[in-house]
Protein chains: 2
Amino acid sequence: MQHKSFADMQCPIARSLERVGEWWSMLILRDALRGARRFDQFQKSLAIAPNMLTRRLNSLVESGLLERRRYSDRPPRYEYVPTESARDFRPVLWLLISWGTKHFAPEGPSLLIVDAKTGARADPIVVDSASGRPLMSPDFTLAAGPAAGARLRRLYEAAGESNAAAAEGPRAKAARKKARLN
Amino acid sequence: MQHKSFADMQCPIARSLERVGEWWSMLILRDALRGARRFDQFQKSLAIAPNMLTRRLNSLVESGLLERRRYSDRPPRYEYVPTESARDFRPVLWLLISWGTKHFAPEGPSLLIVDAKTGARADPIVVDSASGRPLMSPDFTLAAGPAAGARLRRLYEAAGESNAAAAEGPRAKAARKKARLN
DNA sequence: CAGTATCCTGTCCGATACTG
DNA sequence: CAGTATCGGACAGGATACTG
């Protein structure tokens, strides 16, 4: 990430990454959503250098994912509590857990999503909220939305064709040259 | 990423990040899943420096997310095609899109998930595959799985209590000191 | 306990030039 | 077209020391 806030910044994935794309950010969020609040809780759980923790914590606060809340006046002490957007991020984390476990954990799951009351294991899948249809099936694609700029729209104009990128004509090359943004 | 492959490498989130945590990786995956196959397709779509693209492409191949496939013999030419694990990653991307759009796109959606045939917009949510229950509700938590090491297990031992982290006793501090791994 | 202050290394990433 | 080779800058991340 760093300074490359341009290029594709219209893409919502890029925008998300700008907030949580750093290595530690998601791990910190994971802990915050688990109930961690205070500096040293994060530090001990993550074994992260204190200066890094400060930096990531601040950037998460800046992005509106954590709220810095004073819990003591003398001495002044703060805790970091997840905001709504952080709580909204939980499903992403869950999917990442499920995906990582499935593909990169030959020894089996080290982290499970469970029903808090019954303790029953849950297995996260993504469905369309309206129809309930699972979205894993290949009959869903991406398409340019109303707020898409010309660049994005060009890439996604053919909503249905998933292998169409290869078929793109070699023209319009120069036109695209420096039209990075948008 | 980089050399910090220790610390919390048992966490499936960390493992996932190790594969797709670089800034460009997810964007490349996004394009690959859209149908991009060849070097310059990625390059034009992403406006990424060629050396970076090479690096990211190679690391994705190494991680088993892309397959490098020869499509021409003279001259030798390769294309990069998403593997099953990459296709499994699509839901994560969708959620990231949905999350990013909801929280960081005041101008509205620039990317939509649509039914490929009808063009109808889909709205991704995460549910338990067995019960169909939405997982957003706070009555799901994380718990240590069978493959969890002592460290992880300690953090997640109390499956149900979501705000319990603060209640952890101040003892067992020295014991944890250098027990980073596991 | 909750950080801040320094210093250092690795590498992500960009820009540009070059090649079969 | 599909990259490789080099160079330089910014910053993530680590280690350690210090403070109210």
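A note on names: the letters A, B, ... follow the listed sequences, proteins ahead of strands, and every chain is numbered from 1. The basis for the numbers below is simple: all heavy atoms, side chains too, and nothing from hydrogens, waters or symmetry mates.
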What nucleic acid atoms does B/Phe42 come within less than 4.0 Å of, heavy atoms only: base, sugar-phosphate, or nothing? nothing
Polar contact flag, side-chain donor to acceptor under 3.5 angstrom, B/Arg37-B/Tyr71: no
Which comes earlier along DNA chain D counting from the 5' end, the contact point of A/Arg55 or that of A/Arg77, where each point is its nearest nucleotide? A/Arg55
Of the candidate nucleotides D/dA12, C/dC13, C/dT6, which contains the atom at the shortest distance from the side chain of A/Asn51? C/dT6
Among the nucleotides C/dG3, C/dC1, D/dC1, whichever has the atom closest to the side chain of B/Arg38 is D/dC1
Let's test this: given Watson-Crick or G-U wobble pairing with both distances under 3.5 Å, identify the partner of C/dG10. D/dC11
C/dA2 P sits how many Å from A/Glu79 CD, rounded? 10 Å
Check the distance between C/dA15's P and B/Leu46's CG and give it to me in whole angstrom. 14 Å
Closest approach to the side chain of B/Ala49, judged atom by atom: which nucleotide of C/dA15, D/dG14, C/dG3 is it? C/dA15
Should the pair A/Arg69 and A/Tyr78 be classed as cation-pi, given the thresholds of under 6.0 Å to the six-membered ring centre and 45° from the axis? no
Round to a whole Å and report the spacing from CG of B/Leu17 to P of D/dG13. 10 Å
Give the nucleotide from the list D/dG13, C/dC1, C/dC13 with an atom nearest to the side chain of B/Trp24. C/dC13
Mind calculating the distance between CG (B/Leu57) and C1' (C/dC12) to the nearest angstrom? 16 Å
Separation of B/Leu53 atom CG from D/dT4 atom P, in whole Å? 10 Å
For the side chain of B/Arg121 and the backbone of B/Val114, is there at least one donor-acceptor N/O pair under 3.5 Å apart? no
Euclidean distance, B/Trp99 CH2 relative to A/Arg19 CZ, rounded to 0.5 Å: 7.5 Å
When you measure from the centre of the six-membered ring of B/Tyr80, is the NZ or CZ of B/Arg68 under 6.0 Å away and within 45° of the axis? no
Please state how far atom CD in B/Gln43 lies from atom P in C/dC13, giving the value in whole angstrom units. 15 Å
Separation of C/dA2 P from A/Tyr80 OH (nearest whole Å): 10 Å
Of the listed C/dA2, D/dA2, C/dC12, the closest approach to the B/Tyr71 side chain comes from D/dA2
Compare side-chain N and O positions of B/Arg68 against OP1 and OP2 of D/dG3 and report whether any pair is under 4.0 Å apart. yes
Proximity to the side chain of B/Pro50 - top-ranked nucleotide from D/dT4, C/dA2, D/dA15: D/dT4
Quickly work out the A/Ile28 CD1 to D/dA12 P distance and round it to whole Å. 12 Å
Out of D/dA17, D/dA12, D/dG3, minimum distance to the side chain of B/Thr54 belongs to D/dG3
